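In this text the structure is predicted, and so the values were computed from the model without any measurement. Letters go in sequence order (proteins before strands), and every chain restarts at 1.
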Number of protein chains: 2
Amino acid sequence: MSDRSRRIPEATVARLPVYLRSLAELLEDKTATVSSERLAEMAGVNAAKVRKDLSYLGSYGTRGVGYDVEYLAFQMSRELGLTHDWPVVIVGAGNLGQALANYGGFKERGFPVAALVDADRAKVGQLVHGVPVHHLDELPVLKERLGIAIGIIATPAVAAQDVADALAEAGIGSILNFAPAVISVPEGTSLRKVDLALELQILSFYQEHRDTEGV
Amino acid sequence: MSDRSRRIPEATVARLPVYLRSLAELLEDKTATVSSERLAEMAGVNAAKVRKDLSYLGSYGTRGVGYDVEYLAFQMSRELGLTHDWPVVIVGAGNLGQALANYGGFKERGFPVAALVDADRAKVGQLVHGVPVHHLDELPVLKERLGIAIGIIATPAVAAQDVADALAEAGIGSILNFAPAVISVPEGTSLRKVDLALELQILSFYQEHRDTEGV
DNA sequence: CGGGCTTTGTGAACATGTGCACGTGTTCGG
DNA sequence: CCGAACACGTGCACATGTTCACAAAGCCCG
Ligand SMILES: NC(=O)c1ccc[n+]([C@@H]2O[C@H](COP(=O)([O-])OP(=O)(O)OC[C@H]3O[C@@H](n4cnc5c(N)ncnc54)[C@H](O)[C@@H]3O)[C@@H](O)[C@H]2O)c1
Ligand SMILES: NC(=O)c1ccc[n+]([C@@H]2O[C@H](COP(=O)([O-])OP(=O)(O)OC[C@H]3O[C@@H](n4cnc5c(N)ncnc54)[C@H](O)[C@@H]3O)[C@@H](O)[C@H]2O)c1
C-alpha cells in the first residue's frame, strides 16, 4: 500500500476505532511504542490483521520495534476525521433521544449533541440536559448554523424514512438509525444502523442452536 | 440446501431478523404470499440474496408463486428460536440500563427484561419500571429462577470484562455488550456488541473522505 | 391438456476478507 | 562489526459472502 492507493476496505474502517481506543489506553499508560501483537491482543483480533489494517494508513511502523503510539494515534485520528468535532443532531426527543442527549460519552469522543429535533410542537423549546429541542422544519437552518454533518434517528419506526428524507434534504450526509426499520438514503449519504432487538434475535439463534443441537 | 445441511452462514443469520420484520408487516397487511423480489425490496437487499438466504431454511417457496408469508414467518421464527420468550438480565442499572429497562420494544419482541443487576448496594432493591434491581452476586440464582439465557452489559467499560466473566460463570451463554471495551468470553458463549461512538467514528470517516476527496 | 408466464433454487463466477509465512529492515549485545 | 532476535509489510492461499444467470417447477388460461 505504498502511497496513494487510498481505498481502505470497509472491514478495516470498522476496526480502526477499536485500534484507536486501544492506543488511547496505551497513551494513558505512557507507553511509547506498541507491537502489532500487543495491539491485536487489546483489540481482540489477529496480529496479521492489525498489520494489514495499519498498512492501509501508510508505513508508520518500524521493523524490529513496533509502532509509535502517539504518532499512530495521530495518523489514525486524521484518517478517521477525528481531528475536529462533529456536532450531531438527534431527531426524536423521546425516551431514547433524551437518554442519548444525556450521555456524556459522545461529546468526550468528539461528537457533541448540538441539537435535538422533534415533530411534536409540545416538545419544541424544551431543554434536555442543556440541549434545546427544535422543530423538524428547522433542520436546514440548524445544519448551517451549527455545522451539523451527522444525524441520529431516534423516532418510532414509521417515521424513520421521513426523517431520513428530511435529513438528506437538509444536506446531512451521515445518518445513524436506531429505529427498527429499513430505510433508504440517496447516493452519497452514509447510513449505519443500530438495532437492539435484531442483536438479541441473533443471540437467540445461536443460543437456541446450542441448546438443541449442542446436546 | 436440500435437507440437513444445517450450517447457516453468519451473514444470513444476521439478515433473518430483518426478513422476519418484513414478514410481520406483510402479515398485518393480510398479504398471503410474497416474492423474493418484494421481500428484497422491503429488507433493503438483493433478491438473489433473499432466495439464497431462505434456501438455507429449507425449500419453503413455490416456484411461480413466491413464499407463503405466514408459513415462512413461522419457519423463520422457529429457526431463530423465537417460538418462546428469552428473559434477559441487564447488568448495570445506570443511565443506559434504566433506559433499556424502560423500553417496551424488548418484551414485545420476546425479550422481557426479567431483572436488573448492579454492584452498587444502594441500587439493590429498587424497582425500575417494575423491574427489581438485584446484586451482582445473585446472578446464578436469578439465572436459574427466571431462566435467563441472555445478559446485557450496561456498566462502565472498566467493569465490562468482570461482568462478562460473572455472566459466563453463572451459565449465561449469550452476551450483548454496550460498554466501549473489548471483552473476551469462553468458548461456547456468544458475544455481540453495540458501540455507538464506534458507529459515529465510522460515519465520520466516510463523511471526512467525501468532504475532502469528494470535491 | 399444453404453452406461456412467473418465480424459485442453485451452480458458478466474482468480490471481499482473513491468516499464514516469510523476506526485509531494525535493534542490540558482545 | 556481526549475528541473533524482533517485528513490520505483503504475497499468496484459503474462506466467506455476493451476484448473476438459468433450468426446473408450478400456475393460469384458453
Ligand atoms: N428507548 C429505548 O431504549 C430504545 C431502544 C432501542 C430502540 N429504540 C427505538 O428508538 C426509537 C425511539 O424510541 P423511544 O423509546 O425514544 O420512542 P418515544 O416514543 O419515546 O420517542 C419518539 C419521539 O419521536 C418523535 N417523533 C415522532 N415522529 C417524528 C417525526 N416524524 N419527526 C421527528 N420526531 C418525531 C416523537 O414526538 C417522540 O418524541 C424507536 O424506533 C425505538 O424502537 C428505543
Ligand atoms: N447512557 C447512554 O446513552 C450510553 C450510550 C452508549 C454507550 N453507553 C455505555 O453504556 C455503559 C453504561 O453507561 P451509563 O451511562 O448507564 O453509565 P452509568 O454510570 O449511569 O451506569 C453504570 C452502572 O453500572 C454499575 N456498575 C459499575 N460497576 C459494576 C459492576 N462491576 N457490576 C455491576 N454493575 C456495575 C454502576 O453502579 C452504575 O449503576 C457505559 O459503558 C457507556 O459507555 C451508554
Side-chain angles (χ1 to χ4, degrees), chain A residues 1-19 22-23 26 31-69 71-73 75-76 79 202 205-206, chain B residues 1-19 22-23 26 31-69 71-73 75-76 79 202 205-206:
Chain A
M1 311 300 112
S2 38
D3 241 45
R4 305 277 112 178
S5 57
R6 274 285 159 69
R7 191 90 296 129
I8 303 187
E10 226 172 290
T12 295
V13 173
R15 280 188 296 267
L16 293 182
V18 182
Y19 299 143
S22 304
L23 290 176
L26 291 169
T31 309
T33 64
V34 64
S35 67
S36 60
E37 197 80 40
R38 176 92 182 85
L39 197 49
E41 189 195 326
M42 296 181 75
V45 301
N46 169 301
K49 203 185 283 182
V50 169
R51 291 200 295 276
K52 187 153 285 187
D53 284 343
L54 297 187
S55 78
Y56 290 113
L57 305 180
S59 277
Y60 297 140
T62 307
R63 292 168 195 229
V65 180
Y67 301 88
D68 182 285
V69 175
Y71 186 60
L72 185 58
Q75 290 296 343
M76 201 175 286
E79 194 67 41
I202 294 173
F205 172 88
Y206 290 108
Chain B
M1 313 302 110
S2 37
D3 239 47
R4 305 279 111 176
S5 58
R6 274 283 159 70
R7 192 90 294 132
I8 304 186
E10 224 173 292
T12 295
V13 173
R15 280 188 296 267
L16 292 182
V18 182
Y19 300 143
S22 304
L23 290 175
L26 291 169
T31 309
T33 64
V34 64
S35 67
S36 59
E37 197 82 40
R38 176 94 181 83
L39 197 49
E41 190 196 326
M42 296 180 75
V45 301
N46 169 301
K49 202 184 282 183
V50 170
R51 290 200 295 278
K52 185 147 283 190
D53 284 343
L54 297 186
S55 78
Y56 290 113
L57 305 179
S59 277
Y60 297 139
T62 307
R63 291 165 194 233
V65 180
Y67 301 87
D68 182 283
V69 175
Y71 186 61
L72 184 58
Q75 290 296 343
M76 202 174 285
E79 194 67 41
I202 294 173
F205 172 88
Y206 290 108

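Taking only side-chain atoms of B/Arg63, from C-beta outward, the nucleotide of C/dG11, C/dT7, C/dG17 with the closest atom is C/dT7. Nearest to the side-chain atoms of B/Thr62 among the listed nucleotides C/dT18, C/dT26, D/dG26 stands D/dG26. Of the candidates D/dA23, D/dG11, D/dG9, the closest approach to any side-chain atom of A/Arg51 belongs to D/dG9. Residue A/Arg15 has its side chain nearest to C/dT18 when only C/dT18, D/dG17, D/dG9 are considered. Checking D/dT18, D/dC8, C/dG9 against the side-chain heavy atoms of A/Ser36 singles out D/dC8 as nearest. Across C/dG9, D/dT10, C/dG19, the shortest atom-to-atom separation from the side chain of B/Tyr67 is found for C/dG9. The side chain of A/Ala48 approaches C/dC20 more closely than any other nucleotide in the set D/dT19, C/dG9, C/dC20.
Between A/Val34 and A/Leu39, the shortest heavy-atom contact is CG2-N, 3.9 Å. Here the closest non-hydrogen pair linking B/Ile202 and A/Pro17 is CG1-CG, 4.3 Å. Contact detail for B/Arg51 and B/Ser36: the closest heavy-atom pair is NH1-OG, 3.0 Å.
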Q: For the pair B/Tyr206 and A/Glu10, evaluate side-chain contact (heavy atoms from CB on, under 4.5 Å) and give the outcome as yes or no after the intermediate values.
A: CA-CA 10 Å; B/Tyr206 290 108; A/Glu10 226 172 290; 3.1 Å; yes
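Rounded to whole Å, the distance from CG on A/Leu54 to C1' on D/dA7 is 13 Å. Rounding to whole angstrom units, CD of residue B/Glu10 and C1' of C/dT18 are separated by 13 Å. Between A/Arg38 atom CZ and D/dC6 atom C1' there is a gap of 17 Å when expressed in whole angstrom units. With rounding to whole Å, B/Glu37 atom CD is found 14 Å from C/dG9 atom P. Remark: P of C/dT8 and CG of B/Leu72 are 11 Å apart, rounded to the nearest angstrom. Atom NZ in B/Lys49 sits about 21 Å away from atom P in C/dT7, given to the nearest Å. With rounding to whole Å, A/Leu57 atom CG is found 12 Å from D/dT10 atom P. In this structure, OH of B/Tyr56 is placed 9 Å from P of D/dT18, rounded to the nearest angstrom.
The side chain of A/Asn46 contributes no N or O atom lying less than 4.0 Å from OP1 or OP2 of C/dG17.
Judged by distance alone with a 3.5 Å cut-off, a donor-acceptor contact links the side chain of A/Lys52 to the base of C/dG19.
Each of B/Leu72, B/Leu26, B/Thr33 was compared with B/Tyr67 under the side chain to side chain contact (heavy atoms under 4.5 Å, CB included) criterion, and only B/Leu72 meets it.
Of the two residues contacting DNA chain C, namely A/Thr12 and A/Val65, the nearest-nucleotide position lying further toward the 5' end is that of A/Thr12.
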